[in-house]
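Notes follow once the structure below has been shown.
Please read all numbers here as calculations on a predicted model, not as lab measurements.
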Amino acid sequence: MSKFVITCIAHGKNLPQETIDQIAKEIIKSSTKETSIKNIKKLSTRATDIFVEVAESVLQKTFRNELMCLIEGRDDVDLIVSADNEYRQAKKLFVFDMDSTLIYQEVIELIAAYAGVEKQVHDITERAMNNELDFKESLRERVKLLKGLQIDTLYDEIKQKLEITKGVPELCKFLHDKDCKLAVLSGGFIQFASFIKDQLNLDFCKANLLEVGAGGKLTGKTLGPIVDGQCKSETLLQLCNDYTVPVEASCMVGDGGNDLPAMAAAGFGIAWNAKPKVQNAAPCRLNTESMTDILYILGYTDDEIYDRQ
Ligand SMILES: [Mg+2]
């Protein structure tokens, strides 16, 4: 038998007992293979773990897809399926995307607004979302629009606008206290990724570098290899190697299509308030308000998270 744990996380303040009962009943009813519930553990008023055993032949992904059908159309709860093993809680590397993940905004849009080219940048983003352009092309085209921009005041003005996502500082502190390494890998720009790295005391950052030409003006190009999905995935595996962390003990958190390869390469992946396509393709989705909810996915209780005895 395979052991899985289903974490139910409410979007609101409470996860009603009847919702838990309903989900538990559905798990048994809908499953074609022999599935049994072994234990139910309350993590907080908003989160509960349901421990199940399923036939060895049932893959975690298949089981997860079955569960997703159960809650289709519901926007009050997320169900996350994890393998019930030592690596679930003992994560030693967390890698985060930056834009719309660690921070609320998309930095390229902030720069575009600063430069007065919002419309053009928005059009390119739309085309990329419709798969007319891949990530690298769309980045090149958007960066081209920034040519001639003076960087002297740009960086500081943008940095002041960056807003860290709710729950991120608490999550990062908690994970650091558990000896977990933390990294940000961004398809945006290094000046801002390293600023966020310093703000959150992260261990590593990687992002694209905007080229600066004569007179401190942007040339409209980036320098060095572009950080795209493949680069994020390779860097995650490199970090596992550098920090001597088993891949199973790593986790990728992001919202974009370019975060999916790293989610697939990592031990676990979390689509954070992501686009629908990303939510479906990722190992799990979390559509709540605070990123500290990730600690429920690792099986921590409120008493452990908030150090209450
Ligand atoms: Mg993003």
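Each of Y104 and L102 belongs to its own hydrophobic cluster when Ile, Leu, Val, Met, Phe, Trp and Tyr are linked at side-chain heavy-atom distances under 4.5 angstrom. F4 and F51 sit in two unconnected hydrophobic clusters of ILVMFWY residues. Membership requires side-chain heavy atoms under 4.5 Å apart, directly or through other members.
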Table please: side-chain donor-acceptor pairs of residues 181-199 below 3.5 Å, with sequence neighbours left out.
from : atom 1 : to   : atom 2 : distance (Å)
S186 : OG     : G188 : N      : 2.8
Q191 : NE2    : Y155 : OH     : 3.2
S194 : OG     : I190 : O      : 3.1

For residues 260-267, tabulate all N or O donor-acceptor pairs below 3.5 Å that involve a side-chain atom, not counting sequence neighbours.
none

Please table the atom pairs, donor to acceptor, closer than 3.5 Å between any side-chain atom in residues 110-118 and protein atoms at least two apart or in another chain.
from : atom 1 : to   : atom 2 : distance (Å)
Y114 : OH     : T153 : OG1    : 2.7

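Distance alone, capped at 3.5 Å, places no donor-acceptor pair between the R64 side chain and the L79 backbone. E304 contributes a side-chain N or O that, together with a main-chain N or O of T301, makes up a donor-acceptor pair within less than 3.5 Å. Without hydrogens or angle criteria, S233 side chain to G229 main chain gives no donor-acceptor distance under 3.5 Å. Under a 3.5 Å cut-off, the side chain of N208 and the backbone N or O of V227 do form a donor-acceptor pair. A side-chain donor-acceptor contact under 3.5 Å links E137 to the backbone of D134. Judged purely by atom type and a 3.5 angstrom limit, E163 has no side-chain atom pairing as donor or acceptor with the backbone of Q105.
F135 has its side chain within reach of I226: a pair of non-hydrogen atoms, C-beta onward, lies under 4.5 Å apart. Annotation: side chain of D99 is not in contact with side chain of E109 (no heavy-atom distance under 4.5 Å). Using a 4.5 Å heavy-atom threshold, the side chains of C284 and V81 count as separate. Using a 4.5 Å heavy-atom threshold, the side chains of L298 and F94 count as touching. Side-chain contact between R285 and M68: present, with at least one pair of heavy atoms (C-beta onward) separated by less than 4.5 Å. Side-chain contact between L239 and K206: absent, with no pair of heavy atoms (C-beta onward) separated by less than 4.5 Å. Proximity of T101 to M291: side-chain heavy atoms (C-beta onward) are separated by under 4.5 Å at one or more points. Taking 4.5 Å as the limit, some side-chain heavy atom of D49 sits within range of a side-chain heavy atom of R88.
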Show, in sequence, the C-alpha distance, side-chain angles and deciding distance for L145 and I124, and conclude whether the side chain to side chain contact (heavy atoms under 4.5 Å, CB included) test is met.
CA-CA 11 Å; L145 291 168; I124 297 170; 3.7 Å; yes
Q) What do the steps show when you test L154 against L218 for side chain to side chain contact (heavy atoms under 4.5 Å, CB included), and what is the final call? A) CA-CA 10 Å; L154 167 79; L218 295 180; 4.2 Å; yes
Fill in: Residue pair C8, L15: steps toward the side chain to side chain contact (heavy atoms under 4.5 Å, CB included) verdict
CA-CA 8 Å; C8 317; L15 180 65; 3.8 Å; yes
- Begin from the C-alpha positions of K221 and E211 and carry the test salt bridge (charged side-chain N to carboxylate O under 4.0 Å, His left out) through to its verdict. CA-CA 6 Å; K221 289 181 192 157; E211 188 185 51; 5.2 Å; no
Tell me, with the steps shown, if D228 and N258 meet side chain to side chain contact (heavy atoms under 4.5 Å, CB included). CA-CA 6 Å; D228 63 356; N258 62 337; 5.6 Å; no
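Between the side chains of Q238 and T235, no donor N or O sits under 3.5 Å from an acceptor N or O. Using modelled atom types and a 3.5 Å distance limit, the side chains of E248 and N85 yield no donor-acceptor pair. Counted by atom type alone, S290 and R46 present zero donor-acceptor pairs between their side chains at under 3.5 Å. Looking at D302 and Y296, their side chains do bring a donor and an acceptor atom within 3.5 Å of each other.
Partners of A249 by side chain to side chain contact (heavy atoms under 4.5 Å, CB included), not counting sequence neighbours, listed by chain and number: Y87, K92, V245, P246. With sequence neighbours excluded, no residue satisfies salt bridge (Lys or Arg N to Asp or Glu O under 4.0 Å) with K3.
Salt-bridge formation is detected for the pair D123/K119: a Lys NZ or Arg NE/NH1/NH2 atom is positioned less than 4.0 Å from an Asp or Glu carboxylate oxygen. The pair D76-R74 meets the salt-bridge criterion, with a side-chain N (NZ, NE, NH1 or NH2) lying under 4.0 Å from an Asp/Glu carboxylate O.
Residue D203 comes nearest to C180 through the heavy atom pair OD2-O, 4.2 Å, listed as atom of the first residue, atom of the second, then distance. Residue A47 comes nearest to I9 through the heavy atom pair CB-CG1, 4.3 Å, listed as atom of the first residue, atom of the second, then distance. Across all non-hydrogen atoms, the minimal contact from V107 to I103 is CG2-CD1, 3.9 Å. Between L93 and C240 the shortest heavy-atom distance is CD2-SG, 3.8 Å.
Residue pairs meeting the ring-ring contact (aromatic ring centres under 6.0 Å, His included) criterion with at least one partner in residues 204-242, sequence neighbours excluded, do not occur; the list is empty.
Residue E157 places its CD atom among more than 12 non-hydrogen atoms of other residues, nucleotides or ligands, all under 6.0 Å distant. Within 6.0 Å of NZ on K217 lie no more than 12 heavy atoms contributed by other residues, nucleotides or ligands.
Each of N287, T288, T165 was evaluated against N273; a single residue qualifies, N287, per the side-chain contact (heavy atoms from CB on, under 4.5 Å) test.
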